[in-house]
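To start, the structure itself, in structure tokens.
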Amino acid sequence: MLDAGERKLVAAALAAREHAHAPWSRFKVGAAARFGTRIVQGCNIEFDVYGLTNCAERTAIFAAFAGGFAHAPLTAIAVIADTDEPVCPCGACRQVMFECGGPDLRVILANLRGDVSIVRMRDLLPGGFRLGRQAPRKPPSRARKTRA
Ligand code: THU
């Protein structure tokens, strides 16, 4: 059973799916990510050069960065598509979701029939890759000005 916040997230993902640009696959996907109290939506976007396609989950997360909301913790993300079973995120999106939300992130997988499955990120991507983030990286030293 979904709680009210999770239902809201799925509804936001469903609404975002309407904006999907999928002229090649015709497979429309919507996503909605909760960063702190904000919900940021995304849809899949396809291009004539197929490899440039961006999935709905990553579109939502990238939009959060672009909008300045990604400093807040990513606690949940919903994704929805017209599939027999609740839709399953691709490997690239799993990595991005893992890096942003960590192993405890709640991932709500849904389809248009109302089937829903809630999983933890650690189950979608066990042992996901992360660079050490203990200490902030030093900015590169500035190039010295040389006299003409
Ligand atoms: N797609 C997503 O947006 N999210 C997923 O989780 C799976 C796949 C998109 C990419 C492409 O536009 C279309 O679905 C077919 O692969």
Side-chain angles (χ1 to χ4, degrees), residues 1-140:
M1 267 291 281
L2 298 183
D3 65 26
E6 291 162 345
R7 280 200 299 276
K8 198 172 164 190
L9 210 56
V10 172
L14 184 62
R17 183 177 171 272
E18 290 305 312
H19 301 297
H21 178 64
W24 301 112
S25 71
R26 306 263 173 217
F27 184 72
K28 291 163 47 162
V29 187
R34 185 183 297 284
F35 282 85
T37 55
R38 290 255 180 190
I39 291 179
V40 189
Q41 292 164 292
C43 59
N44 58 328
I45 308 165
E46 298 177 355
F47 296 92
D48 291 350
V49 177
Y50 307 146
L52 302 182
T53 290
N54 208 59
C55 294
E57 299 91 319
R58 277 177 293 138
T59 302
I61 289 172
F62 296 168
F65 277 94
F69 313 125
H71 55 84
L74 172 62
T75 54
I77 184 165
V79 52
I80 190 163
D82 189 7
T83 41
D84 291 341
E85 302 292 326
V87 65
C88 232
C90 79
C93 290
R94 289 178 197 216
Q95 176 63 27
V96 170
M97 293 190 294
F98 176 82
E99 286 195 38
C100 293
D104 291 332
L105 174 67
R106 287 168 79 78
V107 186
I108 305 166
L109 310 172
N111 65 13
L112 298 187
R113 303 172 179 187
D115 302 319
V116 177
S117 151
I118 304 185
V119 293
R120 291 280 178 184
M121 196 60 232
R122 64 165 54 79
D123 299 316
L124 282 181
L125 189 66
F129 170 77
R130 259 189 131 158
L131 284 176
R133 295 238 171 80
Q134 295 84 345
R137 300 237 182 104
K138 276 192 187 168

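Indexing begins at 1, ligand by ligand and atom by atom, following the structure's order.
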*Can you name the one residue among D84, D82, V87, T83 that meets side-chain contact (heavy atoms from CB on, under 4.5 Å) with N111?*
T83
*Salt bridge check: are D104 and R120 linked by an N-O gap of less than 4.0 Å?*
no
*asked:* Tell me which residues fall inside the under-4.0 Å heavy-atom shell around ligand 1.
replied: S25, F27, V29, N44, E46, T53, C55, A56, E57, C88, P89, C90
_Rounded to the nearest 0.5 Å, what separates atom CG in L9 from atom CD1 in I108?_
5.0 Å
*Sub-3.5 Å donor-acceptor pair from the side chain of T59 to the main-chain atoms of C43, do we have one?*
yes
*asked:* I need the single residue from I77, L125, L124 that forms a side-chain contact (heavy atoms from CB on, under 4.5 Å) with L105. Which is it?
replied: I77
*Within the distance-only criterion (no hydrogens, no angle test), does the side chain of N44 pair as donor or acceptor with the backbone N or O of F27 below 3.5 angstrom?*
yes
